[in-house]
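This report concerns only the one structure given below.
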Amino acid sequence: MQQMIVAQQCCALTSDLYSRSLQPTCKIEYDTSRLLGTVNFFIGCAVWAYKGWVGELYPQGTRTADFLHLYSRRFTTVEGNTTFYAVPNQETVTRWAAETPAGFEFCLKLPRDITHQGLLQPYIPAALKFLEGMRPLGKHLGPIFAQLPPSYAPTLLDDLTNFLESWPLTEAPLALEVRHPDWFREPYASNLTALLERLGVGRVLLDSRPIYTGDDDPQLQSERRKPKLPLQLSLTAPFTLIRFISHPNLSVNQPFMEEWVKQIQQWLQMGVQIYFFVHCPIEARSPSTARHLQQLLEQSGTPVPPLPWNNLEYPPNQLSLW
(Lines give C-alpha, C1' and ligand atoms only; values in the text may rest on other atoms or scores of the structure.)
Protein backbone atom coordinates (compact mmCIF):
# COMPACT_ATOMS: atom_id res chain seq x y z
CA MET A 1 0.00 0.00 0.00
CA GLN A 2 1.61 3.21 -1.20
CA GLN A 3 0.40 5.29 1.70
CA MET A 4 2.21 3.11 4.20
CA ILE A 5 5.59 4.09 2.73
CA VAL A 6 5.84 6.94 5.22
CA ALA A 7 5.19 4.60 8.11
CA GLN A 8 7.57 1.89 6.99
CA GLN A 9 10.69 3.48 5.59
CA CYS A 10 12.79 6.58 5.76
CA CYS A 11 12.66 8.85 2.75
CA ALA A 12 14.88 11.80 1.90
CA LEU A 13 12.93 14.81 0.70
CA THR A 14 14.40 17.83 -0.99
CA SER A 15 12.54 20.94 0.15
CA ASP A 16 12.30 23.88 -2.20
CA LEU A 17 11.25 25.95 0.79
CA TYR A 18 14.50 25.41 2.64
CA SER A 19 16.71 23.86 -0.08
CA ARG A 20 17.68 20.99 2.18
CA SER A 21 16.81 17.33 2.62
CA LEU A 22 14.21 16.16 5.09
CA GLN A 23 14.72 12.69 6.43
CA PRO A 24 11.67 11.51 8.38
CA THR A 25 12.51 8.50 10.50
CA CYS A 26 9.09 7.91 12.01
CA LYS A 27 8.07 4.35 12.73
CA ILE A 28 4.30 4.35 12.96
CA GLU A 29 3.08 1.52 15.13
CA TYR A 30 -0.63 2.31 15.21
CA ASP A 31 -3.20 1.27 12.63
CA THR A 32 -3.31 3.92 9.91
CA SER A 33 -5.89 2.14 7.76
CA ARG A 34 -8.62 4.49 8.97
CA LEU A 35 -6.53 7.57 8.31
CA LEU A 36 -4.90 6.72 5.01
CA GLY A 37 -7.67 6.27 2.47
CA THR A 38 -7.93 6.92 -1.22
CA VAL A 39 -8.11 10.71 -0.80
CA ASN A 40 -4.84 12.18 0.41
CA PHE A 41 -5.43 15.91 -0.01
CA PHE A 42 -7.98 18.04 1.84
CA ILE A 43 -8.33 21.81 1.63
CA GLY A 44 -10.40 24.33 3.55
CA CYS A 45 -10.48 27.31 5.88
CA ALA A 46 -10.36 27.83 9.64
CA VAL A 47 -14.12 28.32 10.11
CA TRP A 48 -17.39 27.85 8.29
CA ALA A 49 -19.63 30.35 10.09
CA TYR A 50 -18.35 33.62 8.63
CA LYS A 51 -21.20 35.93 7.69
CA GLY A 52 -18.99 37.96 5.35
CA TRP A 53 -18.98 35.05 2.90
CA VAL A 54 -22.72 35.43 2.22
CA GLY A 55 -23.21 36.62 -1.31
CA GLU A 56 -19.90 35.19 -2.47
CA LEU A 57 -19.04 31.76 -1.06
CA TYR A 58 -22.65 31.36 0.08
CA PRO A 59 -25.72 32.50 -1.87
CA GLN A 60 -27.47 35.71 -0.92
CA GLY A 61 -29.97 35.20 1.87
CA THR A 62 -28.23 32.15 3.34
CA ARG A 63 -29.21 31.54 6.96
CA THR A 64 -26.49 31.04 9.57
CA ALA A 65 -27.93 27.59 10.27
CA ASP A 66 -27.12 26.56 6.69
CA PHE A 67 -23.47 27.67 6.67
CA LEU A 68 -21.95 24.27 7.49
CA HIS A 69 -24.14 22.44 4.97
CA LEU A 70 -23.00 24.81 2.22
CA TYR A 71 -19.37 25.06 3.33
CA SER A 72 -18.94 21.27 3.30
CA ARG A 73 -20.11 21.21 -0.31
CA ARG A 74 -17.47 23.73 -1.34
CA PHE A 75 -14.43 22.54 0.63
CA THR A 76 -13.34 19.13 1.89
CA THR A 77 -12.18 19.98 5.42
CA VAL A 78 -12.40 22.65 8.10
CA GLU A 79 -10.06 23.47 10.91
CA GLY A 80 -12.90 23.66 13.40
CA ASN A 81 -11.44 26.51 15.42
CA THR A 82 -14.76 26.74 17.27
CA THR A 83 -13.86 23.91 19.67
CA PHE A 84 -10.87 25.88 20.94
CA TYR A 85 -13.27 28.33 22.59
CA ALA A 86 -16.24 26.13 23.51
CA VAL A 87 -16.94 22.39 23.55
CA PRO A 88 -20.10 21.53 21.59
CA ASN A 89 -22.68 19.23 23.10
CA GLN A 90 -23.54 15.82 21.68
CA GLU A 91 -26.58 17.14 19.84
CA THR A 92 -24.46 19.70 18.02
CA VAL A 93 -21.74 17.20 17.10
CA THR A 94 -24.35 14.77 15.80
CA ARG A 95 -25.85 17.55 13.69
CA TRP A 96 -22.43 18.39 12.24
CA ALA A 97 -22.07 14.80 11.05
CA ALA A 98 -25.56 14.77 9.55
CA GLU A 99 -25.06 18.04 7.66
CA THR A 100 -21.80 17.14 5.93
CA PRO A 101 -21.28 14.83 2.94
CA ALA A 102 -19.18 11.68 2.81
CA GLY A 103 -15.49 12.46 2.62
CA PHE A 104 -15.66 15.76 4.50
CA GLU A 105 -13.48 15.90 7.62
CA PHE A 106 -13.28 18.09 10.72
CA CYS A 107 -9.79 18.76 12.11
CA LEU A 108 -10.77 20.03 15.52
CA LYS A 109 -8.59 21.97 17.92
CA LEU A 110 -8.36 20.86 21.53
CA PRO A 111 -10.05 23.40 23.85
CA ARG A 112 -7.90 26.13 25.34
CA ASP A 113 -9.13 24.99 28.76
CA ILE A 114 -6.92 21.96 28.16
CA THR A 115 -3.93 23.34 26.27
CA HIS A 116 -3.56 26.81 27.78
CA GLN A 117 -3.64 26.14 31.52
CA GLY A 118 0.03 25.45 32.20
CA LEU A 119 0.87 21.76 32.54
CA LEU A 120 -0.89 19.33 30.22
CA GLN A 121 -0.77 16.18 32.34
CA PRO A 122 -3.53 17.28 34.77
CA TYR A 123 -5.84 17.73 31.77
CA ILE A 124 -5.40 14.29 30.22
CA PRO A 125 -8.86 13.18 31.46
CA ALA A 126 -10.40 16.32 29.96
CA ALA A 127 -8.68 15.66 26.62
CA LEU A 128 -9.94 12.08 26.55
CA LYS A 129 -13.42 13.29 27.43
CA PHE A 130 -13.27 15.78 24.56
CA LEU A 131 -12.33 13.00 22.15
CA GLU A 132 -15.19 10.88 23.45
CA GLY A 133 -17.57 13.77 22.81
CA MET A 134 -16.45 13.94 19.16
CA ARG A 135 -17.25 10.28 18.47
CA PRO A 136 -20.62 11.07 16.80
CA LEU A 137 -18.64 12.55 13.90
CA GLY A 138 -17.60 9.04 12.90
CA LYS A 139 -15.71 9.06 9.60
CA HIS A 140 -16.03 12.85 9.48
CA LEU A 141 -13.48 13.14 12.30
CA GLY A 142 -10.02 13.91 10.95
CA PRO A 143 -6.87 14.51 12.97
CA ILE A 144 -7.33 16.49 16.16
CA PHE A 145 -4.64 19.01 16.99
CA ALA A 146 -3.26 20.60 20.11
CA GLN A 147 -2.02 24.16 19.80
CA LEU A 148 0.28 25.04 22.66
CA PRO A 149 0.73 28.66 23.81
CA PRO A 150 4.00 30.63 23.51
CA SER A 151 4.51 30.12 27.24
CA TYR A 152 4.78 26.34 26.88
CA ALA A 153 8.55 25.85 26.68
CA PRO A 154 10.85 22.85 26.00
CA THR A 155 11.54 22.66 29.73
CA LEU A 156 8.13 20.97 29.90
CA LEU A 157 9.11 18.14 27.56
CA ASP A 158 8.37 15.46 30.17
CA ASP A 159 4.90 16.86 30.70
CA LEU A 160 4.32 16.95 26.94
CA THR A 161 5.57 13.38 26.60
CA ASN A 162 3.15 12.12 29.24
CA PHE A 163 0.27 13.92 27.56
CA LEU A 164 1.04 12.64 24.08
CA GLU A 165 1.62 9.08 25.30
CA SER A 166 -1.84 9.08 26.86
CA TRP A 167 -3.59 9.94 23.59
CA PRO A 168 -5.33 6.92 21.97
CA LEU A 169 -3.89 7.22 18.45
CA THR A 170 -5.78 4.11 17.32
CA GLU A 171 -8.99 6.11 17.83
CA ALA A 172 -7.99 9.48 16.38
CA PRO A 173 -4.73 10.86 14.94
CA LEU A 174 -3.22 13.76 16.86
CA ALA A 175 -1.10 16.68 15.64
CA LEU A 176 0.86 19.24 17.63
CA GLU A 177 1.58 22.94 17.11
CA VAL A 178 4.19 24.63 19.30
CA ARG A 179 4.78 28.36 19.58
CA HIS A 180 7.57 28.93 22.11
CA PRO A 181 10.61 30.07 20.06
CA ASP A 182 12.95 27.59 21.76
CA TRP A 183 11.10 24.65 20.18
CA PHE A 184 12.62 25.79 16.89
CA ARG A 185 16.21 25.83 18.22
CA GLU A 186 18.59 22.96 18.84
CA PRO A 187 18.65 20.66 20.68
CA TYR A 188 14.98 21.20 21.45
CA ALA A 189 13.84 21.01 17.83
CA SER A 190 15.44 17.60 17.33
CA ASN A 191 14.15 16.35 20.69
CA LEU A 192 10.59 17.30 19.74
CA THR A 193 10.89 15.73 16.30
CA ALA A 194 12.16 12.50 17.82
CA LEU A 195 9.27 12.42 20.29
CA LEU A 196 6.64 13.02 17.62
CA GLU A 197 8.19 10.42 15.32
CA ARG A 198 8.36 7.84 18.09
CA LEU A 199 4.72 8.29 18.96
CA GLY A 200 3.39 8.87 15.43
CA VAL A 201 2.05 12.31 16.33
CA GLY A 202 1.79 14.72 13.43
CA ARG A 203 3.32 18.17 13.27
CA VAL A 204 1.23 21.23 12.50
CA LEU A 205 3.14 23.38 10.02
CA LEU A 206 2.40 27.06 10.57
CA ASP A 207 3.42 29.22 7.62
CA SER A 208 3.01 32.88 8.55
CA ARG A 209 5.61 34.20 6.09
CA PRO A 210 3.09 35.94 3.79
CA ILE A 211 1.77 38.28 6.48
CA TYR A 212 5.31 39.28 7.46
CA THR A 213 6.34 40.01 3.89
CA GLY A 214 6.43 43.58 2.63
CA ASP A 215 6.10 46.90 4.39
CA ASP A 216 2.44 46.76 5.33
CA ASP A 217 0.99 44.98 8.37
CA PRO A 218 -2.23 43.16 7.44
CA GLN A 219 -2.77 42.23 11.10
CA LEU A 220 -3.22 45.81 12.37
CA GLN A 221 -6.93 45.29 12.87
CA SER A 222 -6.64 41.69 14.05
CA GLU A 223 -7.56 40.81 17.61
CA ARG A 224 -5.17 37.86 17.64
CA ARG A 225 -1.86 38.16 15.83
CA LYS A 226 -0.28 35.07 14.33
CA PRO A 227 3.26 34.39 15.54
CA LYS A 228 6.34 34.96 13.43
CA LEU A 229 8.10 31.61 13.72
CA PRO A 230 10.36 29.55 11.45
CA LEU A 231 8.62 27.15 9.11
CA GLN A 232 9.90 23.69 9.98
CA LEU A 233 9.18 21.23 7.20
CA SER A 234 9.13 17.95 9.04
CA LEU A 235 7.10 14.78 8.64
CA THR A 236 6.62 12.91 11.89
CA ALA A 237 3.55 10.87 10.92
CA PRO A 238 1.82 9.69 7.73
CA PHE A 239 -0.19 12.92 7.70
CA THR A 240 0.41 16.63 8.18
CA LEU A 241 -1.65 19.75 8.86
CA ILE A 242 -0.58 22.97 7.14
CA ARG A 243 -1.89 26.31 8.38
CA PHE A 244 -1.15 28.89 5.69
CA ILE A 245 -1.59 32.43 7.01
CA SER A 246 -2.21 34.30 3.80
CA HIS A 247 -1.80 37.97 2.99
CA PRO A 248 -4.97 39.79 1.85
CA ASN A 249 -3.15 40.63 -1.40
CA LEU A 250 -2.97 37.43 -3.42
CA SER A 251 0.15 38.54 -5.30
CA VAL A 252 2.08 38.48 -2.00
CA ASN A 253 1.02 34.87 -1.44
CA GLN A 254 1.88 33.68 -4.93
CA PRO A 255 5.58 32.75 -4.46
CA PHE A 256 4.84 30.94 -1.20
CA MET A 257 1.94 29.03 -2.74
CA GLU A 258 4.13 28.01 -5.67
CA GLU A 259 6.62 26.59 -3.16
CA TRP A 260 3.83 24.72 -1.42
CA VAL A 261 2.65 23.24 -4.70
CA LYS A 262 6.08 21.64 -5.18
CA GLN A 263 6.18 20.41 -1.59
CA ILE A 264 2.65 19.00 -1.78
CA GLN A 265 3.60 17.14 -4.95
CA GLN A 266 6.54 15.50 -3.20
CA TRP A 267 4.58 14.50 -0.14
CA LEU A 268 1.63 13.13 -2.10
CA GLN A 269 4.05 10.95 -4.07
CA MET A 270 5.14 9.51 -0.71
CA GLY A 271 1.55 8.77 0.29
CA VAL A 272 1.37 11.50 2.92
CA GLN A 273 -2.13 12.68 3.76
CA ILE A 274 -2.26 16.48 3.67
CA TYR A 275 -4.73 18.88 5.27
CA PHE A 276 -4.20 22.44 4.00
CA PHE A 277 -5.97 25.30 5.81
CA VAL A 278 -5.98 28.87 4.54
CA HIS A 279 -6.25 31.73 7.02
CA CYS A 280 -6.21 35.47 6.40
CA PRO A 281 -6.33 38.54 8.66
CA ILE A 282 -9.19 39.63 6.39
CA GLU A 283 -11.26 36.46 6.60
CA ALA A 284 -13.31 37.37 3.54
CA ARG A 285 -10.25 36.56 1.40
CA SER A 286 -9.58 33.05 2.73
CA PRO A 287 -11.91 31.09 0.40
CA SER A 288 -10.60 32.69 -2.77
CA THR A 289 -7.00 32.12 -1.72
CA ALA A 290 -7.73 28.46 -1.02
CA ARG A 291 -9.43 28.18 -4.40
CA HIS A 292 -6.41 29.73 -6.07
CA LEU A 293 -4.07 27.20 -4.46
CA GLN A 294 -6.33 24.43 -5.78
CA GLN A 295 -6.03 25.98 -9.23
CA LEU A 296 -2.22 26.05 -8.99
CA LEU A 297 -2.16 22.41 -7.93
CA GLU A 298 -4.36 21.36 -10.84
CA GLN A 299 -2.34 23.41 -13.33
CA SER A 300 0.85 21.72 -12.12
CA GLY A 301 -0.64 18.28 -12.68
CA THR A 302 -0.66 17.44 -8.98
CA PRO A 303 -3.10 14.55 -8.38
CA VAL A 304 -5.56 16.27 -6.06
CA PRO A 305 -9.31 15.67 -5.92
CA PRO A 306 -11.56 18.26 -7.58
CA LEU A 307 -12.67 21.13 -5.37
CA PRO A 308 -16.41 20.65 -4.74
CA TRP A 309 -16.90 24.42 -5.04
CA ASN A 310 -15.80 24.26 -8.66
CA ASN A 311 -18.32 21.53 -9.43
CA LEU A 312 -21.41 23.42 -8.32
CA GLU A 313 -23.98 23.62 -11.11
CA TYR A 314 -25.08 27.09 -10.05
CA PRO A 315 -22.23 28.50 -7.95
CA PRO A 316 -22.61 31.83 -6.15
CA ASN A 317 -20.67 34.82 -7.34
CA GLN A 318 -16.99 34.00 -7.55
CA LEU A 319 -14.82 35.66 -4.93
CA SER A 320 -12.40 38.16 -6.41
CA LEU A 321 -8.85 36.82 -6.42
CA TRP A 322 -7.25 40.22 -6.14
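Between Arg179 and Pro149, the closest side-chain pair of non-hydrogen atoms is not below 4.5 Å. Phe244 has its side chain out of reach of His279: every pair of non-hydrogen atoms, C-beta onward, lies at least 4.5 Å apart. A heavy-atom distance below 4.5 Å is not found between the side chains of Pro227 and Tyr212. Under the 4.5 Å side-chain criterion, counting only non-hydrogen atoms from C-beta, Leu312 is in contact with Trp309. Under the 4.5 Å side-chain criterion, counting only non-hydrogen atoms from C-beta, Phe276 is in contact with Trp260. In this structure, the side chains of His292 and Gln254 come closer than 4.5 Å at one or more pairs of heavy atoms. Considering only heavy atoms from C-beta on, Leu176 comes within 4.5 Å of Val178 through its side chain. The shortest distance between side-chain heavy atoms of Leu148 and Ser151 does not fall below 4.5 Å.
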Test side chain to side chain contact (heavy atoms under 4.5 Å, CB included) applied to Lys226 and Ile211, step by step: CA-CA 9 Å; Lys226 301 298 183 183; Ile211 56 172; 3.9 Å; yes
Worked check of side chain to side chain contact (heavy atoms under 4.5 Å, CB included) between Tyr188 and Leu157: CA-CA 9 Å; Tyr188 311 114; Leu157 183 63; over 6 Å; no
Test side chain to side chain donor-acceptor pair (under 3.5 Å) applied to Gln294 and Glu298, step by step: CA-CA 6 Å; Gln294 173 80 19; Glu298 293 176 357; 2.8 Å; yes
CA sep, side-chain torsions, deciding dist, call: Tyr85, Arg112, side chain to side chain contact (heavy atoms under 4.5 Å, CB included): CA-CA 6 Å; Tyr85 301 101; Arg112 58 183 174 181; 3.5 Å; yes
Audit row: Arg74, Asn310, side chain to side chain contact (heavy atoms under 4.5 Å, CB included) steps and yes/no: CA-CA 8 Å; Arg74 285 149 176 78; Asn310 293 335; over 6 Å; no
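Ala172 and Leu141 get closest at one heavy-atom pair: CB-CD2, 4.3 Å. What you find for Ala175 and Leu241 is that their closest heavy atoms are CB-CD1, 4.3 Å. Heavy atoms only, all atoms of each residue included: Ser72 and Pro101 are closest at OG-CD, 3.2 Å. Scanning all heavy atoms of the two residues, the minimum distance from Val78 to Phe106 falls at CG1-CD2, 3.6 Å. For the residue pair Pro303 and Leu268, the shortest heavy atom distance occurs at O-CD1, 4.2 Å. Taking every heavy atom of both residues into account, Ser234 and Thr193 meet most closely at OG-CG2, 3.9 Å.
Annotation: the span from Thr236 atom OG1 to Leu192 atom CG amounts to 8.0 Å, rounded to 0.5 Å. Rounding to the nearest 0.5 Å gives a distance of 9.5 Å between OG of Ser208 and CZ of Phe256. We find the CZ-CD distance between Arg243 and Glu79 to be 4.0 Å, quoted to the nearest 0.5 Å. The CD1 atom of Ile114 sits 6.5 Å away from atom CZ of Phe163, with the distance rounded to the nearest 0.5 Å. Atom-to-atom distance recorded for Ser300:OG and Gln295:CD is 11.0 Å, nearest 0.5 angstrom. To the nearest 0.5 Å, the span separating CG on Asn253 from CG on Leu296 amounts to 10.5 Å.
Side-chain atoms of Gln265 and Thr302 form a donor-acceptor pair, as typed in the model, at a separation below 3.5 Å. Using modelled atom types and a 3.5 Å distance limit, the side chains of Asn40 and Trp267 yield no donor-acceptor pair.
Crowding of Glu91 atom CD: a count of heavy atoms from other residues, nucleotides or ligands under 6.0 Å not exceeding 12. Heavy atoms of other residues, nucleotides or ligands lying less than 6.0 angstrom from CZ of Phe130 number more than 12.
Checking side-chain atoms of Thr92 against main-chain N and O of Pro88 turns up no donor-acceptor pair under 3.5 Å. Between the side chain of Tyr71 and the backbone N or O of Cys45, at least one donor-acceptor pair lies under 3.5 Å. With hydrogens and angles ignored, the 3.5 Å screen pairs no side-chain donor or acceptor of Thr77 with any backbone N or O of Ile43. A donor-acceptor contact shorter than 3.5 Å links the side chain of Arg73 to the backbone of His69. Although no hydrogens or angles enter the test, the distance criterion places no donor-acceptor pair under 3.5 Å between the side chain of Gln147 and the main chain of Leu110. When atom types are taken as modelled, the side chain of Asn191 and the backbone of Pro187 share a donor-acceptor pair closer than 3.5 angstrom. Thr240 contributes no side-chain N or O that, together with a main-chain N or O of Ile274, makes up a donor-acceptor pair within less than 3.5 Å. Judged by distance alone, with hydrogens and angles left aside, the side-chain atoms of Tyr152 form a donor-acceptor pair with the main-chain N or O of Leu160 at under 3.5 Å. Checked by atom type and distance alone, the side chain of Thr83 pairs as donor or acceptor with a backbone atom of Lys109 at under 3.5 Å. Thr213 places a side-chain N or O within 3.5 Å of a backbone atom of Arg209 that can act as its donor or acceptor partner.
With salt bridges taken as basic N to acidic carboxylate O contacts below 4.0 Å, none links Glu283 and Arg285. Using a cutoff of 4.0 Å between basic side-chain nitrogens and carboxylate oxygens, Glu99 and Arg95 are scored as salt-bridged. Under the 4.0 Å criterion applied to side-chain N and carboxylate O atoms, Glu132 and Arg135 are assigned as salt-bridge partners. The residues Arg203 and Glu177 are annotated as not salt-bridged, no charged nitrogen and carboxylate oxygen being separated by less than 4.0 angstrom.
Judged as a ring pair (Phe, Tyr, Trp, His ring centres under 6.0 Å), and not counting sequence neighbours, Phe277 has no contacts. With sequence neighbours excluded, no residue satisfies side-chain hydrogen bond (donor to acceptor under 3.5 Å, both in side chains) with Thr161.
Taking the six-membered ring wherever Trp is involved, the centroid distance between the rings of His116 and Phe84 falls below 6.0 Å.
Taking the six-membered ring where tryptophan is involved, the planes of Phe67 and Tyr58 are essentially parallel, since the angle between them stays under 30° and well short of 60°.
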